[in-house]
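Down below is the structure, laid out as structure tokens.
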Amino acid sequence: MGRTLFDKVWDSHVVQSIPDGPQVVYIDKHFIHEVTTPQAFDGLRKRGISVFRTENTVATVDHNIPTKDQHLPIKEALSRHQVETLIKNCKEFGIELYGLGHPSQGIVHVIGPQLGITQPGMTIVCGDSHTSTHGAFGAVAFGIGTSEVEQVLATQCILQTKPKKMRINVEGELGKGVVSKDIILYIISKISASGGTGYFVEFAGSAIRNLSMEARMSICNMSIEMGARGGMIAPDQTTYEYIKGRDFAPKGEDFDKAVAYWTSLCTDDDAVFDLEYTYDAADISPMVTYGTNPGMGIKIDDFIPNKDDAGLEKSLSYMNFHKGESLIGKPIDYVFLGSCTNSRIEDLRLFANLIKGKKKAENVTVWVVPGSKQVEDIARKEGIDKILEEAGIELRQSGCSACLGMNEDKIPAGKYCVSTSNRNFEGRQGPGARTILASPLTAAAAAITGKITDVRDFL
Amino acid sequence: MDKFTFLRTTGVPLAVEDIDTDQIIPARFLKATTREGFGDNLFRDWRFNSDNTLKQDFVLNNSKYSGKVLVAGRNFGCGSSREHAAWAIHDYGFKVVISSFFADIFKNNALNNGLLPLIVEEDVLQQILQQIQSQPETELIVDLEKQVLEVPSIGINVSFDINPYKKTCLINGYDDIDYLLSLKEEISQFEIKRATL
């Protein structure tokens, strides 16, 4: 029987299968950040062991840092301590750190691909659920807990039970104003925030193949928001061209050899999935969420579902929205362009192109936060900072920012934020904050009007 | 890791579905560099008002409920991979979470910390929730050796699944890392084999 892309990558990394138990899976690349690692390094210290393969782990700071005045000491003592702890641990254990001020610093899931560390066929883990992002390259990439971070540091392996396999096909042409973020919000609205639990997903179909690498990353990034362990896309010419020439990409003859191997990483025609869905790209519209999990999404010109459901009622009460109403025209307070979902240069370009020559609405605070120092530098070189400035918006410095209500960038209680991030959970962007997930284009439209807006009105 | 074998206790009913790890422990409380003390902020924004006073209507603040089992709605632990969620629940004093469906990463994290994620059918979950809500003193019995959950007062006696390897780890308090460290030679051989492919 044929094998899936996922089978090919996963199976080639199994060191041992424990009878009636999980498998020992070898990990090629391990990304770490300040929040989910201090206890793992402590564990190593307590056991008196070193990091097994220092060259396979790369560290950065992203979650707990300010996105302004990064040259100054971090104001908040606990945040500063956590960042300093990572610096100390990396030094003690011999791990490369792209810290604040380093030209390669950025959100962990932005810098991996940007540096060419992320490559097809790899197994990649990080103590962060959005590690699924790297699956866009045909890697098996998934989030892990801190105990597992310690296992990878100590042995370059973790124990995992192989997930089931799902394929989601999106076929056809996307409509006007519809981008990859809308595809994934649409899919999650169809299969729910738990519909992918227990599965590893392959995204396929012509609409997916036509996407750029950065657009593919936004889709794989949110695999976890439907509960899936990870998502992946078979590598192709688009993938190879993106990787070629990056710092850690194979060079010369090695690159050609790598491509020959990467080309074998596709699902065989006779491979079988445990579950398969197919969607028509033409049915997807710009999407927004109305509730408190990413599965609670609707097409922007649709209405909030009108049904008896305790979860829906709890969510709408938190959001102060009502059953059966449209979100178009609802006033908002904040717009956040950023996070590991949508902070790459293409996202900033999409946003800036729509904003160009216009002003942000007076009632709205807009935060544009690049995903890495390199994205920030490119944006400045392309004059995106000037376009934003003319619109009354400041380009900030790289970090996770307002995605998770951990650093200084928090949305105040009761305020509405149209956000390009990945989670609209209660309090995710700050205690009491109300999040509306959307694409960079829809976020730009909201920044201009100060309301939830159908971006197609601008196109 | 703490050992877990058998528990006879009461439970706390949290009849909410899709409880994500941001609710279990909000990100602003993830700044500690040790594993201890996260229980203080378990369900922080559901348990406390913004002025740090208790929200009286939340189940953890209701003195009639107590015990070492948290009974929660389906899709428990979705969202972020933060192991702090499992640490917070365990640190607060729970040894078992019963639900009809757990998110994958949370389930792994719980098992790695001596916290048993116990899966029951949805109708069984609803029966248990209703019973505890009306009779908070309801006794729950969890027997990991036999893989049985009992609620004698309503005649529930159901078996539950757990990976045999993970069961052995829980009963003996073994950490995965001990097993992996014993495999270092095999792992090195695997690396050599892969490099020559």
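Excluded from the calculations below are hydrogen atoms, water molecules and symmetry mates; all remaining heavy atoms, backbone and side chain alike, are included. Order of the sequence lines fixes the chain letters, A, B, ..., with proteins taken first and strands second; residue numbering starts at 1 for each chain.
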In terms of heavy-atom pairs under 4.5 Å with chain B, which of [options] leads?
| options | result |
| --- | --- |
| A:I49, A:V14, A:V149, A:T161 | A:V14 |
| A:G427, A:G311, A:G227, A:G405 | A:G405 |
| A:G432, A:G21, A:G145 | A:G145 |
| A:D42, A:V24, A:T292 | A:V24 |
| A:T146, A:D128, A:T85 | A:T146 |

Please classify the contact of [X] with chain B as side chain, backbone, both or neither, using a heavy-atom distance under 4.5 Å.
| X | value |
| --- | --- |
| A:Q160 | side chain |
| A:I224 | side chain |
| A:L404 | both |
| A:P22 | both |
| A:H130 | neither |
| A:N89 | neither |
| A:R423 | side chain |

State, with a plain yes or no, whether a side-chain heavy atom of [X] is found less than 4.5 Å away from one of [Y].
| X | Y | value |
| --- | --- | --- |
| B:L183 | A:T155 | no |
| B:E83 | A:T36 | no |
| B:K193 | A:V15 | no |

Crowding at [atom1], [X] (>12 non-hydrogen neighbours, <6.0 Å):
| X | atom1 | value |
| --- | --- | --- |
| A:Y318 | OH | yes |
| B:K95 | NZ | yes |
| B:E121 | CD | no |
| B:K55 | NZ | yes |
| B:D123 | CG | yes |

Please look at [X] and chain A and tell me whether the side chain, the backbone, both or neither of the residue comes under 4.5 angstrom of a heavy atom of that chain.
| X | answer |
| --- | --- |
| B:Q23 | side chain |
| B:N109 | side chain |
| B:E191 | side chain |
| B:R44 | neither |
| B:N108 | side chain |
| B:P26 | neither |
| B:F102 | backbone |

Heavy-atom pairs under 4.5 Å with chain A, option from [options] with the top count:
| options | answer |
| --- | --- |
| B:A86, B:A15, B:A103, B:S80 | B:S80 |
| B:Y165, B:F190, B:W87 | B:F190 |
| B:T168, B:L181, B:L180 | B:L180 |
| B:N75, B:V16, B:D20 | B:D20 |
| B:C78, B:G79, B:A85 | B:G79 |

To the nearest 0.5 Å, what is the distance between [atom1] on [X] and [atom2] on [Y]?
| X | Y | atom1 | atom2 | value |
| --- | --- | --- | --- | --- |
| A:H63 | B:L30 | NE2 | CG | 8.5 Å |
| A:T197 | B:R74 | OG1 | CZ | 8.0 Å |
| A:L159 | B:N163 | CG | CG | 9.5 Å |
| B:I187 | A:C157 | CD1 | SG | 3.5 Å |
| A:M406 | B:R82 | CE | CZ | 8.0 Å |
| A:Q429 | B:D22 | CD | CG | 10.5 Å |

What heavy-atom pair brings [X] and [Y] nearest, and what distance separates the two atoms?
| X | Y | result |
| --- | --- | --- |
| A:G143 | B:I105 | O-CD1, 3.6 Å |
| B:K184 | A:F52 | CE-CD1, 3.5 Å |
| B:S81 | A:S129 | OG-N, 3.2 Å |
| B:S188 | A:R53 | OG-NH2, 3.8 Å |
| B:R194 | A:S12 | NH1-O, 3.4 Å |
| B:D178 | A:R47 | OD1-NH1, 2.8 Å |

Test log, rule side-chain hydrogen bond (donor to acceptor under 3.5 Å, both in side chains), inputs A:Q39 and B:T33: CA-CA 6 Å; A:Q39 297 86 351; B:T33 53; over 6 Å; no

Assess whether a salt bridge exists between [X] and [Y], defined as any Lys/Arg side-chain N lying under 4.0 Å from an Asp/Glu carboxylate O.
| X | Y | value |
| --- | --- | --- |
| A:D20 | B:K167 | no |
| A:R229 | B:D104 | no |
| B:D18 | A:K314 | no |

Audit row: A:E84, B:K31, salt bridge (Lys or Arg N to Asp or Glu O under 4.0 Å) steps and yes/no: CA-CA 12 Å; A:E84 284 168 355; B:K31 299 186 186 197; over 6 Å; no

Identified side-chain contact (heavy atoms from CB on, under 4.5 Å) partner of A:S147 from the options B:D176, B:D175, B:N113, B:L111: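 Single pass found, and it is B:N113.
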
Test log, rule side-chain hydrogen bond (donor to acceptor under 3.5 Å, both in side chains), inputs B:W46 and A:E426: CA-CA 10 Å; B:W46 288 357; A:E426 283 183 32; 2.9 Å; yes

Criterion side-chain hydrogen bond (donor to acceptor under 3.5 Å, both in side chains) on A:Q16 and B:Y179, from CA distance to verdict: CA-CA 12 Å; A:Q16 189 195 71; B:Y179 182 74; 2.4 Å; yes

